[in-house]
There are 2 protein chains.
Amino acid sequence: MEDSSLCPRFEKAVGIISQRWNALIIYQLLSGPQRNHEIKDAIGISGRLLSERLKDLEAEDIIHREVYAETPVRIEYSLTDKGHSLKPLMKDIKAWADEWIDTPTHKQCKS
Amino acid sequence: MEDSSLCPRFEKAVGIISQRWNALIIYQLLSGPQRNHEIKDAIGISGRLLSERLKDLEAEDIIHREVYAETPVRIEYSLTDKGHSLKPLMKDIKAWADEWIDTPTHKQCKS
DNA sequence: TCAACAAGTTACTTTATGTAACTAATTATA
DNA sequence: TATAATTAGTTACATAAAGTAACTTGTTGA
């Protein structure tokens, strides 16, 4: 293991995107800045993992954490430029899913 | 957990693509049909997981397993139409990686 | 016959994820 | 003023997935 002949950049990108929950978090944030509990409720992740992933994605400069010193304090997560640049990718996944994934028991989703 | 309000098709697609190793296997097969050990050497996966993932991807109709009754027997894996339809996605990941991922110690890779 | 290869499988260890309870700060409610 | 509720986390523990390596089966070439 551990030494492939593939492109290291590609492997790094795949590592980020295919880390569990990351794609769903990024997809969710495409619709605008959101708070911890909003993301949590939207994608069904546990608080433990959401905190962990948000930290990871912030470290990768894909999302930005903004603290609003209101009362009570409000913390919002949003996509950085780097994060926003993943939009075409997310749209590709969505398009592929619409064409190739069969979920007869579920209705069509909005684009 | 377990009940999100996202599109079920999208979640299914993300589940497949972001399952560890799947994207690398599919990317690797974009360059043509390959045997078990070729994929293994190319992406650095263990034999155990490669067998498991190849079975999963075959069950999803993303790859095809062809047995050539030569001597010794030759087994080749290739992308199905559904698998090939993931090419734009893979290219997007590659393009994103080239633009946003910094690997100063590694050289540029072929497109 | 013996070593080597190819495609898997089995057994076992390590890491990641899921679940739930717990903080700390604030706020609305009785 | 207690009391419960909310928000963004964290901690502790159980379960599931991934990593490692040895083993199997069938065949080949020396």
Side-chain angles (χ1 to χ4, degrees), chain A residues 1-6 11-12 14-29 32-60 62-79, chain B residues 1-4 6 11-12 14-29 32-60 63-79:
Chain A
M1 295 268 305
E2 204 46 72
D3 54 327
S4 82
S5 55
L6 286 177
E11 288 192 68
K12 177 74 194 295
V14 165
I16 294 169
I17 293 156
S18 75
Q19 170 87 315
R20 190 156 200 189
W21 297 111
N22 279 1
L24 292 181
I25 292 169
I26 292 163
Y27 185 77
Q28 182 62 24
L29 288 177
Q34 282 164 67
R35 303 177 67 172
N36 185 304
H37 73 275
E38 291 176 297
I39 303 171
K40 190 168 174 296
D41 294 344
I43 70 178
I45 190 179
S46 72
R48 183 175 101 44
L49 282 184
L50 181 55
S51 294
E52 194 174 303
R53 288 301 120 86
L54 290 173
K55 259 188 242 174
D56 293 347
L57 290 171
E58 197 191 0
E60 292 289 349
I62 287 172
I63 65 171
H64 172 71
R65 180 180 188 269
E66 184 79 44
V67 180
Y68 295 93
E70 304 170 353
T71 141
V73 69
R74 180 166 54 98
I75 295 166
E76 273 193 356
Y77 293 92
S78 57
L79 294 174
Chain B
M1 295 270 305
E2 206 45 68
D3 54 329
S4 82
L6 286 177
E11 289 192 67
K12 177 74 194 295
V14 165
I16 294 169
I17 294 156
S18 76
Q19 171 85 317
R20 190 158 200 189
W21 297 110
N22 279 1
L24 292 181
I25 291 169
I26 293 163
Y27 186 76
Q28 182 62 24
L29 288 178
Q34 281 164 69
R35 304 176 67 171
N36 184 304
H37 72 275
E38 292 175 297
I39 302 171
K40 190 169 174 296
D41 294 345
I43 70 178
I45 190 179
S46 73
R48 184 175 100 46
L49 284 185
L50 181 55
S51 295
E52 194 174 303
R53 287 303 119 86
L54 289 173
K55 258 187 245 176
D56 294 347
L57 290 171
E58 197 190 0
E60 292 289 348
I63 66 173
H64 171 71
R65 181 179 188 269
E66 184 79 43
V67 180
Y68 295 93
E70 303 170 356
T71 141
V73 70
R74 181 166 53 99
I75 295 166
E76 273 192 355
Y77 294 92
S78 58
L79 294 175

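Hydrogens, waters and symmetry mates are skipped; everything else that's a heavy atom, side chains included, is used. A note on names: the letters A, B, ... follow the listed sequences, proteins ahead of strands, and every chain is numbered from 1.
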Please report the distance, rounded to the nearest Å, between [atom1] in [X] and [atom2] in [N].
{"X": "Leu49(B)", "N": "dA17(D)", "atom1": "CG", "atom2": "P", "result": "12 Å"}
{"X": "Arg35(A)", "N": "dT26(C)", "atom1": "CZ", "atom2": "C1'", "result": "12 Å"}
{"X": "Gln19(A)", "N": "dA17(D)", "atom1": "CD", "atom2": "P", "result": "15 Å"}
{"X": "Arg48(B)", "N": "dA7(C)", "atom1": "CZ", "atom2": "P", "result": "19 Å"}
{"X": "Asp56(B)", "N": "dA17(D)", "atom1": "CG", "atom2": "P", "result": "11 Å"}
{"X": "Glu70(A)", "N": "dT26(C)", "atom1": "CD", "atom2": "C1'", "result": "13 Å"}
{"X": "Lys55(B)", "N": "dT10(C)", "atom1": "NZ", "atom2": "P", "result": "8 Å"}

Is the phosphate of [N] approached by [X] (side-chain N or O, under 4.0 Å from OP1 or OP2)?
{"X": "Tyr77(B)", "N": "dA6(C)", "answer": "no"}
{"X": "His37(B)", "N": "dC5(C)", "answer": "no"}
{"X": "Trp21(B)", "N": "dG19(D)", "answer": "yes"}
{"X": "Arg65(B)", "N": "dA7(C)", "answer": "no"}

Legend entry - Among dT27(D), dA6(C), dA18(D), the nucleotide that comes nearest once only the side chain of Arg20(B) is considered: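 Of dT27(D), dA6(C), dA18(D), dA18(D) is nearest to the side chain of Arg20(B).
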
Legend entry - Closest to the Pro72(B) side chain, choosing from dT27(D), dT26(C), dA7(C):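 Selected nucleotide (nearest to the side chain): dT27(D).
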
Legend entry - Residues Glu52(B), Arg20(B): salt bridge by 4.0 Å N-O rule: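 Salt bridge absent between Glu52(B) and Arg20(B).
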
Legend entry - Reported CD1-to-CG distance for the pair Ile39(B) and Leu29(B), which is rounded to 0.5 angstrom: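 Answer rounded to 0.5 Å: 4.5 Å.
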
Inset, instruction - Mark yes or no for whether Gln34(A), through its side chain, and Gln28(A), through its backbone, hold a donor-acceptor pair below 3.5 Å. - result: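 Such a contact is found between Gln34(A) side chain and Gln28(A) backbone.
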
Inset, instruction - Say whether, by atom type as modelled, one donor and one acceptor occur between the side chain of Arg65(B) and the main chain of Lys55(B) under 3.5 angstrom. - result: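 Answer holds: no.
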
